[in-house]
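On a predicted model such as this, the values are computed, not experimentally measured, just so you know. Because only heavy atoms are used, hydrogens play no part in the values below, and waters and symmetry mates are left out as well, while side chains stay in. Counting starts at 1 for both ligands and their atoms, in listed order.
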Amino acid sequence: MPTLVSPSLLAANFLNLQADIDMINRSEADWLHLDVMDGSFVPNISFGFPVLEAVAKTCRKPLDVHYMIDKPERYIAQTARLGAMMMCVHAEATTHLHRTLQEIHQAGMKTGVALNPATPLCAVEDVLDDVDMVLLMSVNPGFGGQKFIPRTLDRARRLRQMIADRGCQTLIEVDGGVNGTTAPQLKAAGVDVLVSGSYVFAADDPIARIDELKA
Ligand code: DX5
Ligand code: ZN
């Protein structure tokens with residue numbers, strides 16, 4: 001399967017999101033990654049539904065929504081109304097993960113489960129049949145532009161094996177510090193989807209950066 005690329009809007013120009021979304025629409029990006037933070041689950045606060053709704057109106061790529069918030073199950077219906085393709089929740093942030101995943105599916109979205117760098121892979125093992133994508137955080141969530149944690153490569157390889165052993169179709173996404181150096185290493189480790197914020201949006205030619213990550 002070719003590698004999918006999901007640029008993270010967190011690194012876009014918030015004074016002119018229209019221009020950056022136009023660029024994403026023209027690009028070969030597969031999805032658009034949207035980082036929602038609540039100042040509780042993570043130290044930072046990013047954006048919420050007023051911004052997501054505006055983005056959803058103009059973005060033609062499937063929306064890959066990454067909730068870094070406590071009790072994300074409170075927002076399943078509202079996220080479905082946006083037309084989001086993927087609702088990704090942190091395993092550490094929802095007490096009844098299995099129920100949350102069922103509710104996301106019932107609402108018509110794909111399920112994502114994100115794991116912080118210190119969370120063992122077994123946190124997702126027993127719900128893997130209900131998970132369309134596991135998001136391995138390769139930085140501690142909350143901020144763009146952080147340094148990639150190398151241990152993520154081993155986590156990706158072990159998760160790939162776990163998925164194969166279970167015979168599921170679950171995708172692996174990696175988020176944080178993805179750039180021209182780490183992307184090939186991640187692909188070799190069996191990662192399906194690369195999220196990239198600063199490497200794409202800080203570039204003079206972001207469309208070329210997206211092509212480079214996909215190639
Ligand atoms: C971090 C977010 C990421 C972030 C990645 O908490 O989940 O999606 O935007 O940014 P870069 O690619 O700059 O590390
Ligand atoms: Zn993210």
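For H33, the N/O/S atom at the shortest distance from the Zn ion (ligand 2) is named NE2. Of all N/O/S atoms in D35, OD1 sits nearest the Zn ion (ligand 2).
Under the 30°/60° scheme for interplanar angles, the aromatic rings of Y67 and Y75 are found to lie parallel. Using bins of under 30°, 30° to 60° and over 60° for the plane-to-plane angle, the ring pair H66/H90 lands in the parallel bin.
Counting atoms of ligand 1 from 1 in the listed order, those under 4.0 Å from a heavy atom of S196 are 12 (O). The contact set between ligand 1 and H66, taken as ligand atoms under 4.0 Å from a residue heavy atom, comprises 7 (O). Within ligand 1, the atoms closer than 4.0 Å to a non-hydrogen atom of G176 are 14 (O), numbered from 1 in the order shown. Close approach of ligand 1 to L10 is summarised as follows: ligand atoms under 4.0 Å from at least one heavy atom of the residue are 9 (O). Of all atoms in ligand 1, numbered sequentially from 1 with element shown, those under 4.0 Å from a heavy atom of P141 are 6 (O). Close contacts of ligand 1 with H33, meaning ligand atoms under 4.0 Å from a residue heavy atom, involve 8 (O). Atoms of ligand 1 found under 4.0 Å from any heavy atom of M68, numbered from 1 in the order shown, are 6 (O), 7 (O).
If you check the side chains of T182 and N179, you find a donor sitting under 3.5 Å from an acceptor. With no hydrogens or angles considered, no side-chain donor-acceptor pair links H105 and D130 at under 3.5 Å.
Not a single N/O/S atom of C88, whether from backbone or side chain, sits less than 2.8 Å from the Zn ion (ligand 2).
The nearest protein atom to atom 5 (C) of ligand 1, hydrogens excluded, is given as D175 OD1, 3.5 Å; this is a heavy-atom distance. The protein non-hydrogen atom at the shortest distance from atom 6 (O) of ligand 1 is G142 N, 2.7 Å. Scanning the protein heavy atoms around atom 10 (O) of ligand 1, the nearest turns out to be G144 CA, 3.6 Å. Atom 13 (O) of ligand 1 has S198 OG, 2.5 Å as its closest protein atom, hydrogens excluded (heavy atom only). Looking only at protein heavy atoms, the nearest one to atom 11 (P) of ligand 1 is G145 N, 3.6 Å.
Taking 4.0 Å as the cut-off between side-chain N and carboxylate O, K214 and D211 do not count as a salt-bridged pair. The existence of a salt bridge linking D30 and K61 is excluded, since no basic side-chain nitrogen approaches an acidic carboxylate oxygen closer than 4.0 Å.
For ligand 1, the polar-atom distance check finds an N/O of D35 within less than 3.5 Å of one of the ligand's N/O atoms. By the 3.5 Å distance cut-off applied to N or O atoms, G177 is counted among the residues near ligand 1.
Residues S6 and L194 are not in side-chain contact: their nearest non-hydrogen atoms beyond the backbone lie 4.5 Å or more apart. Using a 4.5 Å heavy-atom threshold, the side chains of W31 and L4 count as touching. No side-chain heavy atom of L52 sits less than 4.5 Å from a side-chain heavy atom of T79. Between C59 and N25 there is a side-chain heavy-atom pair separated by less than 4.5 Å.
Compare S8, A12, G197 by their heavy atoms: the one nearest to atom 9 (O) of ligand 1 is in S8.
Heavy-atom separations between F143 and ligand 1 include at least one value shorter than 4.0 Å. In this structure, A11 does not count as a contact residue of ligand 1, since none of its heavy atoms falls inside 4.0 Å of the ligand.
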>> I'd like to know whether R26 forms a side-chain contact (heavy atoms from CB on, under 4.5 Å) with I207, so could you lay out the CA-CA distance, the side-chain angles of the two residues, the decisive distance to 0.1 Å, and finally the verdict.
In response: CA-CA 8 Å; R26 285 197 311 275; I207 288 189; 4.2 Å; yes
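Remark: at the Zn ion (ligand 2), atom OD2 from D175 and atom ND1 from H66 enclose 90°, rounded to the nearest 10 degrees.
Of the inter-residue distances, the one linking R60 atom CZ with I21 atom CD1 reads 11.0 Å to the nearest 0.5 angstrom.
Hydrophobic clustering, with ILVMFWY side chains joined whenever heavy atoms are under 4.5 angstrom apart, groups I76 together with V113.
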